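What you see is a predicted model; the values in this text were computed from it and never measured. All residue numbers in this chain count up from 1 along the given sequence.
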Amino acid sequence: MATPLSDTNLSPLKTIAVVGLGTMGTGITEVLAKAGREVIGIDVAEAQTARALAALESAAARAVERGRLAEEDRAGLLARVRLSTDLRAAADADLVIEVVPESYEVKHQIFRELDGIVRPETILATGTNALSVTRLAADSARPERVLGLHFFNPAPAMKLVEVVSSVLTAPAAVAAVTDLAIELGKEPVAVGDRPGFVADGLLFGYLNQAAAMYEAKYASREDIDAAMRLGCGLPMGPLALLDLIGIDTARTVLDAMYAESRDRLHAPAPILKQLSEAGLTGRKSGRGFYTYEAPGSAAVVPDPLTPAAGGAGAEGRPVRSVGVAGSGTMASGIAEVFAKAGYEVVLAARSEEKAQTAKARIGKSLSRSVDKGRMTAEAAAETLDRITPADSYDAFADVDLAVEAVAEDLEVKRQLFAALDKVCKPGAVLATTTSSLPVVACARATSRPQDVIGMHFFNPAPAMKLVEVVRTVLTADDVHATVREVCGRIRKHAVDCGDRAGFIVNALLFPYLNNAIKMVQEHYATLDDIDAAMKLGGGYPMGPFELLDVVGLDVSLAIEKVLHREFRDPGLAPAPLLEHLVAAGCLGRKTGRGFREYARR
């Protein structure tokens, strides 16, 4: 019979065993030893324990070189670590953390053996990110002592630790492990038991969609990764991240998530199975979505899928002057970008006053650049002089490229393109900055659909480097080439994609945001915990709820509806909580309240 758990019989977690000395286990061992804990590192493979020791010695030496660790402390750190190939070495541990491969059979075997080795009060923690903690606990002799302790890779650097409770876990065990995480300098987030928990639960659905997008040949691997890095500020693109995590590991996590949720967003993309079964598991094998210099290397080398330097194809049309339609923040930002690059710009709005206001906004932006030392006052004045405000699209008669940045309303855009068709000279390229509407619908409003293309800038246009270049089935090759060349001149990174809802960035970003809302709606985790998990565990510059409130909940809902209508996937249906907040007028920062409340300015 298991010993009842109480605060009185809970030992301080001074001696900790780590079972499994792969990359994660070795990293956790380093973290614990640095924090003064006695650590017993256990792995069945003697070669693995030797590699772990070498890695610990190397990490300690680097810390001394960088002045983060005194020489005398280095010796003490290494002395606190004992390595073994025998699980019985865990007998004196106050806490055992297993980080062996993601297999129920392997983990069950370890937990069964530990039941006969450790003291009754010893806490048993699983490092799984995909398997059920409850299922592992239920087969243990002391289920109240079993919980999840999910570190993130690399463990010494990543701050997030998810502390996972099952319905069987005793609160005192959770409290003890949470206190330990804080003492280790980590930021613990308390979550319930479901595959992926918070961070991986949101992350792996997004990674899966990116793999499916690539498999469908919608965009190249390089363009998908660049779009998410430059469009969302992520440290890595999704396909490069899959290679880092391990494609076989990602498939295991997604299989577990799909078994629980039956959400098609979690059903592993077939390409993950194909690559895994071919042994192309990512960096560790030397090849996955990308090809690497050697197994374990981070250096990507060219392969047959690598785009040719400089590209190839049709020659673009000459562009000397640009028309920008609209008077909002996006229109003025785009006009500023073109003017800075030396283009003569006509900025047309519905009235002279609106056009002048937009130009004044550009003047203020340029003044801020001068104040920050990013450009000279002379250059700012010359840039502003290149912009001519106009109150009619008739002023676009001589432009070589017309870019619309008006309201995200298809009928408004169709009317505008019909007007541009009549005004713009033959051969002018007509571009829409839509983020969610069909470009071909704008093209069909003209008599020259071959001249119409999407140029999706990101807000704020002067700062954001990405432009999604969206071809329709009717877009001419030289129009595509023209826009690619223009993107180079205005110093933007162009990525190519087809004309479907969300393009690359929004098609991957908004299902992730929607899933975060569902987590809150289901009372699985709090706004703060989810935001913290994605910033600390995923390296995101903003948590999903911070981002939703910045983007605007009404804008987010509109994009979610477009994605759901286009792909007909039940998992893409907007979360009811998002619809309720929009109906209540809680639209984010712009109204002072969204998922959070904001001070009125």
Check the side chains of [Y] and [X] for a donor-acceptor pair under 3.5 angstrom, ignoring hydrogens and angles.
X    : Y    : answer
S276 : R251 : no
H456 : N506 : no
R386 : S321 : no
S447 : D421 : yes

From [atom1] ([X]) to [atom2] ([Y]), nearest 0.5 Å:
X    : Y    : atom1 : atom2 : answer
F510 : L578 : CZ    : CG    : 9.5 Å
T446 : R444 : OG1   : CZ    : 9.0 Å
L244 : K284 : CG    : NZ    : 10.0 Å

Problem set entry | Qualifying residue, where the test is side chain to side chain contact (heavy atoms under 4.5 Å, CB included) with T475 and the options are V473, D478, D477, T472 | T472

For this session: Measure from NZ or CZ of R262 to the centre of the six-membered ring of Y258, then state whether that distance is under 6.0 Å and the direction lies within 45° of the axis.
Result: yes

Problem set entry | Listed partners of T432 passing side chain to side chain donor-acceptor pair (under 3.5 Å), at least two apart | E404

For this session: Can you sort out the partners of T291 under side chain to side chain donor-acceptor pair (under 3.5 Å), two or more places apart, ordered by chain and number?
Result: D303

For this session: Please step through salt bridge (Lys or Arg N to Asp or Glu O under 4.0 Å) for the pair D400 and K425, ending with a clear verdict.
Result: CA-CA 8 Å; D400 303 304; K425 66 186 180 184; 2.7 Å; yes

Exercise. What class does the angle between the rings of Y290 and Y292 fall in, given that below 30° is parallel, 30 to 60° is tilted and above 60° is perpendicular?
Worked result: perpendicular

Problem set entry | Backbone N/O of L508 and side chain of Y206: donor-acceptor pair under 3.5 Å | no

Problem set entry | Main-chain N/O of M464 paired with K492 side-chain donor or acceptor, under 3.5 Å | yes

Regarding [X] and [Y], does a basic nitrogen lie under 4.0 Å from an acidic carboxylate oxygen?
X    : Y    : answer
R589 : D549 : no
D243 : R221 : no
K340 : E336 : yes

For this session: Apply ring-ring contact (aromatic ring centres under 6.0 Å, His included) to Y214 and list each qualifying residue two or more places apart in sequence or on a separate chain.
Result: F289

Side-chain heavy atoms of [X] within contact of [Y], under 4.5 Å:
X    : Y    : answer
D496 : H480 : yes
D531 : R596 : yes
V439 : T434 : yes

Exercise. Of E560, K561, E408, which meets side chain to side chain donor-acceptor pair (under 3.5 Å) against S436?
Worked result: E408

